[in-house]
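Sequence positions, counted from 1, serve as the residue numbers for this chain.
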Amino acid sequence: MDSENSKFPRGVEVVVGPYILNEQNEVMFCKSPKWPNQWVICGGHVEVGESLADALKREVKEELGIDIDVFDIVNVGEMIVYPPEFKRNAHFIFIDMLARPKNNDFHFNSEISDYAWFTVDDALNRDDIKESYKKALNKIKNILQK
């Protein structure tokens, strides 16, 4: 156990991320220096005593500068990553939720360098969007078809 703790000094990290849908039901993906050469959803760590929805709203406000309405959880999973995929060894438990922007007055912080809106089908067919995101995108596709 000690060797695992030294390998992952932050332990297991709980993070949240939004699948933000615009009025056309396109999904927002971002470019981040933390995750080179791929499109990602924004988000970040849940703080002790913070609800998942509050953590998501805070992270989106910090990274994108917008307020969101948060809806259902669409994906839960884990990801264990090492450099060069990520800047450090990390063991993430992620909880991703559907959200809609309350406005489009984006002000990015240093964690976001670009963004784009993709239809769910376009996002599912991209090689620069990880398979872990595609599980949620398939769920979103089913939700939108109802």
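Nearest approach of I93 to V12, heavy atoms of both residues: CG1-CG1, 3.3 Å. Scanning both residues, N89 and K7, for their nearest heavy atoms gives ND2-O, 3.0 Å. Contact between P18 and L56 at its shortest, heavy atoms only, is N-CD1, 3.4 Å. When all heavy atoms are compared, the tightest approach of R88 to P83 is C-CD, 3.7 Å. Among all heavy-atom pairs drawn from P101 and I68, the shortest one is CA-CG2, 4.1 Å. Of all the heavy atoms in S132 and N75, the pair that sits closest is O-ND2, 3.4 Å.
Applying the 6.0 Å contact sphere to CG of D72 captures no more than 12 heavy atoms from other residues, nucleotides or ligands. With a 6.0 Å radius and a threshold of 12 heavy atoms from other residues, nucleotides or ligands, N37 has its CG atom at or below the threshold.
Connection of I95 to I140 is not established within any shared hydrophobic cluster, with ILVMFWY side chains joined at heavy-atom distances below 4.5 Å, either directly or through further cluster members. Linking Ile, Leu, Val, Met, Phe, Trp and Tyr residues whenever their side-chain heavy atoms come within less than 4.5 Å leaves V16 and L98 in two separate clusters. Both M79 and Y133 are part of a single hydrophobic cluster, where members link through side-chain heavy atoms under 4.5 Å apart. Cluster membership for F94 and I73, using ILVMFWY side-chain heavy atoms within less than 4.5 angstrom, is not shared. V70 and V76 fall within the same hydrophobic cluster, defined by Ile, Leu, Val, Met, Phe, Trp and Tyr side-chain heavy atoms under 4.5 Å apart, directly or through other members.
Between the CG atom in L137 and the CG atom in L124 there is a gap of 5.0 Å [rounded to 0.5 Å]. To the nearest 0.5 Å, atom CD1 of residue I20 and atom CZ of residue F29 are 10.5 Å apart. Note: I80 CD1 to E85 CD = 11.0 Å, rounded to the nearest 0.5 Å. If you take CG on N103 and CG on D67, they are separated by 6.0 Å, rounding to the nearest 0.5 Å.
Of the possible donor and acceptor atoms, one in the side chain of K134 sits under 3.5 Å from a partner among the backbone N and O of R126. No donor-acceptor pair under 3.5 Å is formed between the side chain of E59 and the backbone N or O of C42. The closest donor-acceptor contact from the side chain of K139 to the backbone of V74 lies under 3.5 Å.
Contact of the L21 side chain with the L144 side chain is registered, since non-hydrogen atoms from C-beta on lie closer than 4.5 Å. In this structure, the side chains of K34 and F86 come closer than 4.5 Å at one or more pairs of heavy atoms. Between D69 and K102 the shortest side-chain heavy-atom distance falls below 4.5 Å. Looking at heavy atoms from C-beta onward, T119 lies out of side-chain contact with Q24 at the 4.5 angstrom threshold. Between N25 and R100 the shortest side-chain heavy-atom distance falls below 4.5 Å. Counting only heavy atoms from C-beta outward, the side chains of F8 and E13 never approach each other to under 4.5 Å.
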Requested in this report: Before giving the answer on side chain to side chain contact (heavy atoms under 4.5 Å, CB included), spell out for F108 and L64 the whole-Å C-alpha distance, their side-chain angles and the decisive distance to 0.1 Å.
Outcome: CA-CA 5 Å; F108 301 131; L64 303 178; 3.4 Å; yes
Query raised in the report: M28 and I41: side chain to side chain contact (heavy atoms under 4.5 Å, CB included), yes or no, with the steps?
Result: CA-CA 7 Å; M28 173 188 261; I41 59 173; over 6 Å; no
Query raised in the report: Hey, mind stepping through R58 and E62 against salt bridge (Lys or Arg N to Asp or Glu O under 4.0 Å) and telling me if it holds?
Result: CA-CA 6 Å; R58 176 184 50 76; E62 288 173 6; 3.3 Å; yes
Query raised in the report: Can you check side chain to side chain contact (heavy atoms under 4.5 Å, CB included) on K141 and D121, steps first, answer last?
Result: CA-CA 8 Å; K141 185 175 181 173; D121 286 333; 2.8 Å; yes
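Ring pair F106/Y115 is tilted by interplanar angle, where 30° to 60° counts as tilted.
Here F118 and W39 bring their ring centres to under 6.0 angstrom of each other.
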